[in-house]
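Because the structure is a prediction, the values reported are computed rather than measured. As the structure lists them, so they are numbered: ligands from 1, and atoms in each ligand from 1.
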Amino acid sequence: MSNIGNSTNILWHECPIQNRDRQQLLQQKGCVIWLTGLSGSGKSTLACALSQSLHSKGKLTYILDGDNIRHGLNRDLSFRAEDRSENIRRIGEVAKLFADAGVICITSLISPYQKDRDACRALLPEGSFIEVFIDVPLHVCEARDPKGLYKLARAGKIKGFTGIDDPYEPPCGCEIVLQQKGSDSKSPKDMAEIVISYLEKSGHLKA
Ligand SMILES: Nc1ncnc2c1ncn2[C@@H]1O[C@H](COP(=O)(O)OS(=O)(=O)O)[C@@H](OP(=O)(O)O)[C@H]1O
Ligand SMILES: Nc1ncnc2c1ncn2[C@@H]1O[C@H](COP(=O)(O)OP(=O)(O)O)[C@@H](O)[C@H]1O
C-alpha cells in the first residue's frame, strides 16, 4: 500500500494483457509525438497531416489538441502560467495512457515552458516521447493569424498572449526541429514525412 499525492492506501492492479500484447495486436509501438510551437506555427495542421498519413499506412493515431481539450477536460483552466502547466500535465498523463494503449498519440499544444515539457517526457519510457519543435518566427505566425488573436493581443484586448506579452521557451535537445524560415519553407505534408521517417528509424511503426 502506498500514498500517491492526496490518495492514501492505494495499490497498483496489474492485468495479464500488457503493453507488449497490444503492440503485437496493433503492429506498432505506442508513443507520444509532442508538437510544440507558437500559436499559428502549424501544430494542428501538422497533427492532422501526420494522423492522415499514418492512418493510410494502417497505423492507429489519436490527436490531443490544446484548443479541443480546453473545450472539455481542461475547460476549467485559463492561460495563467500555473494553468498552462496544469493543462500540459493533464494532457501529458492522458497521452501516456494512449501510448500505453499502443496508440501513436499526437499532442498539439503551445506548451511554452521547458520544465512542463520535460515533466511530460519523464512520464514516458525512454525513446517514447518525441518532442517536435515547429520553429516558425513570430512575424510569420502573426502574419498568418488565422483566428485574429494576434491582432487582438497587439490591441491589448487579449492579455498574456504567447509571443506577445507571455513567454515561449524554445526546446533545447528535442528530437526533431521543423524550421519554417525564409526560403526553407515546408508544406505540412513534407513535415509529416520527416516525422514519419523518424518513426520508421526508431522502430515505432512495427511491433
Ligand atoms: N493567452 C493566450 N495565449 C496563447 N494562446 C491562446 C491564448 N488565449 C487563447 N489562446 C488560444 O488557445 C490555444 C492554445 O492553447 P494551448 O492549450 O495549446 O496553450 S498552452 O499549451 O496551455 O500554453 C491557441 O491555439 P493555437 O493557435 O492552436 O496554438 C490560441 O488559439
Ligand atoms: N507548413 C505550413 N506552411 C504554410 N502555412 C501553414 C503550414 N502549416 C500551417 N499553415 C497555416 O498556418 C495557419 C496556422 O496553422 P495551425 O495548424 O492552426 O497552427 P497552430 O495549431 O500552431 O495554431 C493556418 O492558416 C494554416 O493553414
**Asked** What protein heavy atom sits nearest atom 30 (C) of ligand 1, and how far off is it?
**Response** L149 CD1, 3.5 Å
**Message:** Only heavy atoms of T45, strictly under 4.0 Å: list the atoms of ligand 2 that pass.
**Reply:** 8 (N), 9 (C), 15 (O), 16 (P), 17 (O), 26 (C)
**Message:** Within the 4.0 Å heavy-atom shell around K43, which atoms of ligand 1 are there?
**Reply:** 29 (O)
**Complete:** Note: ligand 2 atoms sitting under 4.0 Å from heavy atoms of S39 are 23 (O)
**Complete:** Here the atoms of ligand 2 under 4.0 Å from any heavy atom belonging to L38 are 22 (O)
**Asked** So does K186 pair up with E193, basic N to acidic O under 4.0 Å?
**Response** no
**Complete:** Closest to atom 21 (O) of ligand 1 among protein heavy atoms sits S111 N, 2.8 Å
**Message:** Give the atom numbers and elements of ligand 1 that come within less than 4.0 Å of a heavy atom of L109.
**Reply:** 17 (O), 18 (O), 21 (O)
**Prompt:** Between K43 and ligand 2, which residue portion shows a heavy-atom distance shorter than 4.0 Å: side chain, backbone, both, or neither?
**Reply:** both
**Prompt:** Under a 4.5 Å side-chain heavy-atom rule over Ile, Leu, Val, Met, Phe, Trp and Tyr, are F98 and I63 clustered together?
**Reply:** no
**Request:** Write out the residue and atom name of the closest protein heavy atom to atom 19 (O) of ligand 1, then the distance separating them to 0.1 Å.
**Result:** F79 CE2, 3.8 Å
**Prompt:** Would V132 and V177 show up in the same hydrophobic cluster when neighbours are defined by side-chain heavy atoms closer than 4.5 Å?
**Reply:** no
**Message:** Checking the N or O distance criterion of under 3.5 Å, is ligand 1 in contact with R70?
**Reply:** yes
**Close approach of N87 to ligand 1, heavy atoms, under 4.0 angstrom** = yes
**Item:** Spacing of E86 atom CD and S78 atom OG [to the nearest 0.5 Å]
**Value:** 11.0 Å
**Asked** Would a hydrophobic clustering, with Ile, Leu, Val, Met, Phe, Trp and Tyr connected at side-chain separations under 4.5 Å, put F129 with I194?
**Response** no
**Message:** Give me the residue, atom name and distance of the protein heavy atom closest to atom 4 (C) of ligand 2.
**Reply:** R144 NH2, 3.3 Å
**Asked** Considering only the protein, which heavy-atom contact is closest to atom 27 (O) of ligand 1, and what is its distance?
**Response** S39 OG, 2.5 Å
**Request:** Give the atoms of ligand 2, by number and element, whose distance to some non-hydrogen atom of P146 is under 4.0 Å.
**Result:** 13 (C), 14 (C), 25 (O)
**Prompt:** Can you check whether S108 has an N/O within less than 3.5 Å of an N/O in ligand 2?
**Reply:** no
**Asked** Would you say P170 and D135 make side-chain contact, with heavy atoms under 4.5 Å?
**Response** no
**Message:** Students should be able to answer this: which protein heavy-atom is nearest to atom 1 (N) of ligand 1, and at what distance?
**Reply:** G160 O, 2.9 Å
**Nearest-contact summary for atom 2 (C) of ligand 1 - protein heavy atom, Å** = F161 CD1, 3.4 Å
**Asked** Does an N or O from Q180, backbone or side chain, lie closer than 3.5 Å to an N or O of ligand 2?
**Response** yes
**Prompt:** Given that the side chain starts at C-beta and the backbone is N, CA, C, O, which of these parts of S187 lies under 4.0 Å from ligand 2, counting heavy atoms, or is it both or neither?
**Reply:** backbone
**Item:** Atom pair OH (Y113) and OG1 (T162), whose distance is rounded to the nearest 0.5 Å
**Value:** 7.5 Å
**Fill in**
Rounding to 0.5 Å, atoms CD1 (I88) and CH2 (W34) come to a distance of 6.0 Å
**Asked** Rounded to the nearest 0.5 Å, how far apart are CG of L54 and CD1 of I33?
**Response** 6.5 Å
**Asked** Got a second to check how far S85's OG is from R80's CZ, nearest 0.5 Å?
**Response** 11.0 Å
**Request:** Could you tell me whether D100 and R22 have a side-chain N and a carboxylate O separated by less than 4.0 Å?
**Result:** yes
**Prompt:** Do any nitrogen or oxygen atoms of I110 lie less than 3.5 angstrom from nitrogen or oxygen atoms of ligand 1?
**Reply:** yes
**Asked** Using heavy atoms and a threshold below 4.0 Å, how should the contact between S41 and ligand 2 be classified: side chain, backbone, both, or neither?
**Response** both
**Prompt:** What's the shortest distance from atom 1 (N) of ligand 2 to any protein heavy atom, and which residue and atom give it?
**Reply:** K186 O, 2.9 Å
**Message:** Assess whether a salt bridge exists between R154 and D145, defined as any Lys/Arg side-chain N lying under 4.0 Å from an Asp/Glu carboxylate O.
**Reply:** no
**Message:** At less than 4.0 angstrom from any non-hydrogen atom of G40, what atoms of ligand 1 do you find?
**Reply:** 27 (O)
**Fill in**
For atom 23 (O) of ligand 2, the closest protein heavy atom turns out to be G40 N, 2.7 Å
**Fill in**
The protein heavy atom nearest to atom 23 (O) of ligand 1 is R84 NH1, 2.8 Å
**Prompt:** Does G42 reach ligand 2 with a nitrogen or oxygen that is under 3.5 Å from one of the ligand's nitrogen or oxygen atoms?
**Reply:** yes
**Prompt:** For atom 26 (P) of ligand 1, what's the nearest protein heavy atom and its distance?
**Reply:** K147 NZ, 3.3 Å
